[in-house]
Structures are given as structure tokens and as C-alpha cells.
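This report refers to the structure that appears directly beneath it.
Hydrogens, waters and symmetry mates play no part in the numbers below; they use all other heavy atoms, side chains included. Reminder, nothing fancy here: chain letters follow the sequence lines and each chain counts from 1.
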Amino acid sequence: MSLRLYNSLTRKKEDFVPLQENRVGMYVCGVTVYDYCHVGHARAGAAFDTIYRYLKHLGYEVNYVRNFTDIDDKIINRAKEKGIPWQELTEQYIQAFYEDMGKLNIELPTIEPKATDHIPEMIAMIASLIEQGKAYDKDGDVFYSVHSFDGYGQLSGKNTDDLLAGARVEVNEDKRNPLDFALWKKSKPGEPEWESPWGLGRPGWHIECSAMSKKYLGETFDIHGGGKDLIFPHHENEIAQSCGASGKAPVKYWIHNGFVNIDKEKMSKSLGNFFTIREIYKRHHPEVLRLFLISSHYRNPIDFSEKNIEDVAKVLTRFYEGIEAAEEILQDKETPSLGDAVRSCTFMQKFEEAMNDDFNTAVALAHLNEELRKMNTLTQKKKSGPDGGGDLPISLAALKKAGNVLGLFYRTPKQFQSEMFQLKNRELHLDTQKIEALIAARNTARKTKDWGKADQCRDDLNTMGVVLEDTPQGTEWKIK
RNA sequence: GGCACCGUCGCCAAGUGGUAAGGCAGAGGUCUGCAAAAUCUCUAUCGGCGGUUCGAGUCCGCCCGGUGCCUCCA
């Protein structure tokens, strides 16, 4: 059983065979840094982070490149609005990106190139395209000649005639063909600019990915990813440029993640119906957001709603409680190297089978849920006698390992619970002392078997939003 | 207008030819003073119609409903 993945280029699931044995080159389109990340960015981040982690889990050495687009019209405009230099703006949002994505437990890629650090590489590629007659300079703007590339439209399933008939193409007198796109843009006064053979200007959007992927991964590499919305025109144009320059198809497998919807409608900046990640963090735990994002398959749309994310919070809480109980009963008993046992256990086999099928995290999570139930049963057995629950260490280790591949369970249960408590308590503002007092009163009543009074205390707590749990170690409480 | 995609239990969500994973919610049992937690059991024939097939949620056609891309966008 080996990895199969859906290739947007062929619209089929294919066996994954990297160009070099055991090594994977992967390029994922990052963000344009002119604003805070929204949930859609979070989804792409989580999807490709999970793919990255799983490839490493399979033993591949992954060279993972994710760029920052730090020069573009939106950046220039936003900096102008704010009255700050564009470099300051991009730096600010790059920092915010790391904060937001870091909380989502997104691992750092191998390399994170910025567009503005690669102007010479882009200029070289543009020059090569002009030399080959595939691009032309028009008064300081340089355009790619779409007619020079036969394969244009293959990725997005479009043909040039239809695109022209679409008639929504920008009218630009300077272009020989309306479909031609900018490789280099002549600068206007006051705009950021770089010297080039065609005069002062800045690169077009698409060329950065072609130039940087070539630099770090070579002319042909294994995986290129991004959101579905990038298929056209961005990735289509990227193929045209890269292929035009090198004569080779740049990418073997194209992977695109689905959108996050709000009320069944795409969330996007242009529609104005987006939530930033940091807004979400005010109400929900980052790990809950991550679990929410990977609880459906990466290619399907997901609908973002409070109800859906709250359901997920319950699930994650259950996992952490199960892990906590198992860890408590096993205590610090050093579990000898369980590597082989974990790797070969039935659950891990099922987990990998699911992930091998185009990174099916939804099915993988179903297996995690089954394993959690099994582990809870083992914990109970262990509690009721030292001879029971013999496989508990393996179950626990396997569950955590699989969770880690999905970017989950990286906190201690205590940390998670405390963070969840703080989040929930923001609205409730519970008086801990009062709660403890009520619990003490209840326990006194219970000793004298004054059940009426004991239940009254519990009811009072309940209306405050507190639920009790009587355990052999005493009474514990948590927010409903 | 062109090109894609989606419609599975009350809700979320897998499943692309062989008699529907998982989660939330719900019902019942075990445990508990009663609860809670945990655990066990139960709850769908897959938008509609027609077709292909021994057999279809899964392929084909039509219809209904919804979305995306074609313009910056994860």
C-alpha cells in the first residue's frame, strides 16, 4: 500500500512516485502579506502542513518551499493608505503570519523565500523568455505571449478561445493578445522599483513562483500546491513561464485545497465575508481550529460555523481527557522502545491506509476515534487490576503519534484544559472560590448522606455553567 | 455564455461498482447515593426520474437545488 494523490493536472488519483527516490520537492504558494490571515489561509496552511508531516512520516526527505509575496499592487496601495513604507507593512504582516500560523502548529517549511529577494532570478527568467521570443517588451512593460505556449489552459481545463469569449479579460492596448499577462511592470512615480533591462519596474505576480521554485527545487519538481483559486490564472501562467523558459513541465503533481465557506458561500477578501484567524482565536482554541480544518477532506469545501467548530471542540476535549487518563494510570513508567509495536499495530496500519488515499484525514480521524474508544477501555481495565490493559502503552503511543502527524496532541492535557478554561471563562468570569466553597459544602452534605442538599449545591453550580465529576481522588469540576 | 464541482442519518462528514466509516445530538443499558465521565447497544438505502450492469450512493443521460473558476484571492 503506497501513497496515492489526486493530481489537478490529470484530474485523477495517481500513485505518488517522486522524481528522486526518498526525496520530495514541494512548493506551496504562500500569502501576499498586506493583511492578517483569514480562515482560508489557515485551511491551506493546515492542509499542506499535514501533507508535509505525512510525507516525512513516510520517511521522505522533504524540501518544502513556501514563499511570501511581498511586492504587489495591494501591498503598495495598503502601504500608501497607512502612510508607511511598503517594507514596514510586509514585515509587520509576515510577523503576524508567523504568530497566527504558529498557534495552528504549522511547521516551518525548509525555505521561505520572499519575492523581493529574488528579483535577479526573475529578471533572468524574463530575459530568457524574451530571447526565445516567448515574451515581449512594450515600453517598459513585459508580457508573456500566451500563443507561444501550446499547453496553455491544460491545468485549468480552459482553451484560449473560450477565455477570449469570456470577454472579462482586462483590456490593455499594450498587449498583443488580451490573454497575455505581465512578467514585468513599469513603475509609476513613487512606486517601489528595481532596475531591469527594460527599465525601472517590478515583477508581475506569477513570475516569482517560477523563478523561486526553479532556484530551490530545480526545473522540475514533485509537488506544487495552493488554493483552488490559484489554478487560474496563477498556476496556469506559472506553467507557461516555467515551461517556456526550460522546455520542461515544471511540476509532476499539482495539489489544490478547497475553500472555506461562510453560509455556503466562498469566504474571501473581495466578498468581505472573512474571519481573520486572530478573531477566531478569541473564541476558539487554535488546536480546535486545526482539527476543524482537517476533519473534512482537503479538496472539499468546508462550511465555517460556530456550531461546527463547537462540535469539534467536544471531540478534541474527549481526546485529551482520554490521553490524560491513560497517562495518569501509566504514570512515568518509562515505556521501553515501542517504535516497532506502534508502527505495526492495526490502528497505525489503518491510519496510514487512510492517509495514503490522497491524505484522507477524515477517515484517518475516524480511526483515531475508534482507537480512543479502545484506549479508554484499556485504561479502565488497567484501573481495575494491574493485569488488565496490557496494550495500553502501545495504544497511547500510537494515538499520539498519529495525532502528531496531523499536527494534534502536542500539548499536555493539563495545558489544553487550562487554555480551554481560560477561553470559556472569558465570558463566564467564574468565581473559583465560590465554586470550591459550594463543592466543599456538597461534599460535607454527601458525608451525612444529605442528598437533597448535595444535589442543590450541584444544581447551583450547574446553573453557573460548572459540571462536577466525582472521582476516587475527589470531586473535579469543569466548565460545561 | 464557457469550464469545473457539490447534493449521503436532525447536524457535521467518509465512502467512486458488491448490500452505507467516524463524530455531534438523541434513546436505552452498565457504572454512580443520584449525576458526570467512560463504556455498550440502537437510529440513514444515499436530491428526483430513467438507463447500463448479475449487482450502483459509486458509471451514463435528463431534471431539480447549491457552489466555484473564467478579474486580485488559500
Side-chain angles (χ1 to χ4, degrees), chain A residues 8 11 13 28-32 34-35 37-48 69 72-74 77 153 156-159 161-170 179 205 225-234 236 256-261 264-271 274 291-292 295-297 299-303 305 307-318 321-322 325 350 354 357 360-370 372-377 379-381 383 446 449-452 454-455 458-459 462 467-471 475-478 480:
Chain A
S8 305
R11 293 182 191 83
K13 275 187 203 172
V28 174
C29 286
V31 293
T32 301
Y34 73 104
D35 204 347
C37 291
H38 62 220
V39 184
H41 296 118
R43 185 183 196 189
F48 289 105
T69 298
D72 126 292
D73 287 345
K74 294 187 292 295
N77 292 335
S156 54
K158 300 178 188 307
N159 65 61
D161 293 340
D162 287 344
L163 283 168
L164 282 170
R168 281 214 270 167
V169 188
E170 175 194 355
L179 298 181
W205 175 33
K228 266 192 164 71
D229 47 354
L230 297 181
I231 292 175
F232 191 90
H234 186 236
E236 195 68 73
H256 293 98
N257 67 273
F259 294 133
V260 176
N261 294 150
K264 312 282 181 194
E265 208 179 33
K266 175 187 172 182
M267 171 190 315
S268 79
K269 292 194 178 171
S270 41
L271 289 172
F274 64 96
L291 180 55
F292 168 72
S295 58
S296 51
H297 186 89
R299 278 192 282 118
N300 291 149
I302 46 178
D303 207 45
S305 75
K307 159 83 168 70
N308 292 348
I309 206 157
E310 274 160 21
D311 282 353
V312 170
K314 288 179 197 164
V315 175
L316 190 59
T317 302
R318 225 169 75 86
E321 284 176 355
K350 286 183 179 171
D357 184 15
N360 197 329
T361 50
V363 170
L365 284 166
H367 295 316
L368 258 76
N369 268 298
E370 283 163 351
L372 173 64
R373 234 186 305 133
K374 183 184 148 198
M375 184 179 80
N376 283 334
T377 303
T379 302
Q380 302 273 26
K381 277 188 188 158
K383 274 184 182 165
R446 288 174 73 209
K449 295 204 191 318
D450 186 351
W451 307 126
D455 289 348
R458 189 173 54 204
D459 290 345
N462 210 274
V467 276
L468 299 184
E469 212 170 305
D470 293 323
T471 75
T475 302
E476 290 171 6
W477 65 277
K478 62 181 181 184
K480 221 186 288 180

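One finds a side-chain N or O of A:N300 lying less than 4.0 angstrom from the OP1 or OP2 phosphate oxygen of B:rA14.
Across the protein-nucleic acid pair, A:H234 atom NE2 and B:rA74 atom P stand 10 Å apart, rounded to whole Å. For the pair A:M267 CE and B:rA74 P, the computed distance is 13 Å after rounding to whole Å. Rounded to whole angstrom, the span from the NE2 atom of A:H41 across to the P atom of B:rC72 amounts to 15 Å.
You'll find a donor-acceptor pair under 3.5 Å spanning the side chain of A:D455 and the base of B:rG33, going by distance alone.
A distance of about 29 Å separates the C1' atoms of B:rC11 and B:rG17, rounded to the whole Å.
Scored by the salt bridge (Lys or Arg N to Asp or Glu O under 4.0 Å) test, A:D73 finds A:K185, A:R202 as partners (sequence neighbours excluded).
Nearest to the side-chain atoms of A:V363 among the listed nucleotides B:rA14, B:rC69, B:rC12 stands B:rA14. The side chain of A:N308 has B:rC11 as its nearest neighbour among B:rC11, B:rG23, B:rA74. Here B:rA14 is the nucleotide among B:rA14, B:rU39, B:rA21 with the atom lying nearest to any side-chain atom of A:H297. The side chain of A:E321 sits closest to B:rA37 out of B:rA37, B:rA74, B:rU71. Side-chain proximity of A:A44 to the nucleotides B:rA74, B:rG68, B:rA13 is greatest for B:rA74. In this structure, of B:rG2, B:rA13, B:rG23, it is B:rG2 that holds the atom nearest to the side chain of A:K158. Taking every side-chain heavy atom of A:N360 into account, B:rG15 is the closest of B:rU39, B:rG15, B:rC69.
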Would you mind building the protein contact string for nucleotides 24-32 of chain B? One character per nucleotide, 5' to 3', B for base within reach (heavy atoms under 4.0 Å), S for sugar-phosphate only, - for untouched. SS-------
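Between the side-chain ring of A:F259 and the base of B:rG68, no stacking contact exists by the 5.5 Å and 30° definition.
A salt bridge is absent between A:D35 and A:K74: the closest approach of a Lys/Arg side-chain nitrogen to an acidic carboxylate oxygen does not fall below 4.0 angstrom.
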